[in-house]
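A quick write-up on the structure given underneath.
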Amino acid sequence: MPLKIIRSEIINLHVDAIVNPTDECYSGSGSIDLEVQYKCGKRLKNLLKELPRLNESEAVITDAYNMNCKKIIHVHGPIWNNGNANEITKLEKTYANVLDLVVENDLETVAFPLISTGKFGFPKELAVDIATNTIAKYLFSNDLTVYLVVYDKESFGITKNLFDDIQEYIDENYINEASLKRNIRDRKVYRLSNASKRVSNDPDLSFCAAALNFDKIKLEDTFTIKLLNLIDQKKLKDSDVYKKANIDRKLFSKIRSNLNYNPSKKTAIALGIALELTYDELQDLLSRASYTLSHSNLFDVVIEGCINKGIYDIFQINNILFEYDLPLLD
């Protein structure tokens with residue numbers, strides 16, 4: 001997956017490069033910066049003393065010494081000044097400069113924290129939007145895997161209005177989350193307690209498959225055939241779809257090359273989102289892979305709510321799923 005949002009300690013990740021937010025003189029005063037310099041030891045500290053001071057948005061790459069990654073990209077994010085000092089453009093440039101270094105050094109995986117949201121005071125909701133949008137644009141022309149590392153919901157807030165829109169949709173159309181979970185649990189108990197009775201008493205379950213007239217059965221298009229037809233109908237390129245779906249090119253190639261391939265449900269949904277399908281169109285596409293969106297599953301209801309609210313940005317949808325502690329579309 002090109003952009004993946006994870007909860008983890010960034011300094012422990014096994015990636016090609018991690019991004020270390022610092023200041024103009026690599027002081028180690030930030031939490032990540034302090035941990036990086038402590039773990040790398042004297043060799044990194046001695047090297048940093050020889051480097052010129054960093055300007056805002058500037059990035060520099062070094063070896064990672066004792067870290068699990070290969071390289072460290074030290075970057076000076078902008079300091080928030082109530083939006084009066086072109087901070088948004090500077091933060092966009094910060095992410096772009098880091099990604100340029102990743103490509104120039106033939107690296108394939110990089111992990112970012114939310115730059116400038118610590119002691120530099122950048123608003124977290126705005127920083128998330130800038131990070132995901134800038135990275136997503138970059139991934140349209142570069143094959144990389146990028147991790148955005150967060151620690152908790154507070155570190156990864158979404159626009160309140162966006163979340164409220166989906167919550168309102170759920171409140172208006174469906175029962176609450178506790179009821180959803182209770183409904184699922186009760187249905188499982190009912191199925192288990194009645195399974196043996198149903199099999200023994202229902203004569204329809206003892207039919208003979210040989211009695212079916214298979215010659216007269218017309219199968220619908222498979223998931224792959226339907227997907228490719230939709231791409232053609234919407235006059236899109238394959239790359240437009242898999243990049244907007246935040247899906248790896250290799251996975252999409254696997255789907256395209258096998259007309260009977262069934263992707264995971266989350267992958268199927270992401271492709272439907274990238275095609276901006278309506279709810280009914282998405283249900284039809286999912287059915288080709290034997291999936292459906294259920295009204296008894298909170299994840300499915302959130303996806304339905306996003307579609308009905310016209311939200312087709314995969315990163316905004318993942319932000320909402322994150323807020324509900326649900327699996328992301330990856």
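In this view, K244 and E276 satisfy the salt bridge (Lys or Arg N to Asp or Glu O under 4.0 Å) rule, not counting sequence neighbours.
A donor atom on one side chain and an acceptor atom on the other are found under 3.5 Å apart for T62 and H74. Under the 3.5 Å distance criterion, with hydrogens and angles disregarded, a donor-acceptor pair is assigned to the side chains of S296 and S294. A donor and an acceptor atom, one from each side chain of N262 and Y291, are nowhere located under 3.5 Å apart. Q283 and T292 share a side-chain donor-acceptor pair at under 3.5 Å.
When ring centroids are compared, Y261 and F223 stay outside the 6.0 Å threshold.
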Would you be so kind as to tabulate the donor-acceptor pairs closer than 3.5 Å made by side chains of residues 52-59, with sequence neighbours excluded?
unit_1: N55; atom_1: ND2; unit_2: E58; atom_2: OE1; d: 3.4
unit_1: E56; atom_1: OE1; unit_2: K90; atom_2: NZ; d: 3.0
unit_1: E56; atom_1: OE2; unit_2: I79; atom_2: N; d: 3.1
unit_1: S57; atom_1: OG; unit_2: K90; atom_2: O; d: 2.7
unit_1: S57; atom_1: OG; unit_2: T94; atom_2: OG1; d: 3.2
unit_1: E58; atom_1: OE1; unit_2: N55; atom_2: N; d: 2.8

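Summarising the geometry of K234 relative to L275, their closest heavy-atom pair is CE-O, 3.1 Å, with the distance given to 0.1 Å. The shortest non-hydrogen separation linking D23 to F120 is CB-CZ, 4.1 Å. Of all heavy-atom pairs between F299 and L329, the closest is CZ-CD2, 3.8 Å.
One finds a salt bridge joining K265 and D300 here, because a Lys/Arg side-chain nitrogen approaches an Asp/Glu carboxylate oxygen to under 4.0 Å. Residues D238 and R256 are paired through a salt bridge, judged by an N-O separation under 4.0 Å between the basic side chain and the carboxylate. Using a cut-off of 4.0 Å between Lys/Arg side-chain N and Asp/Glu carboxylate O, D33 and K39 are scored as not salt-bridged.
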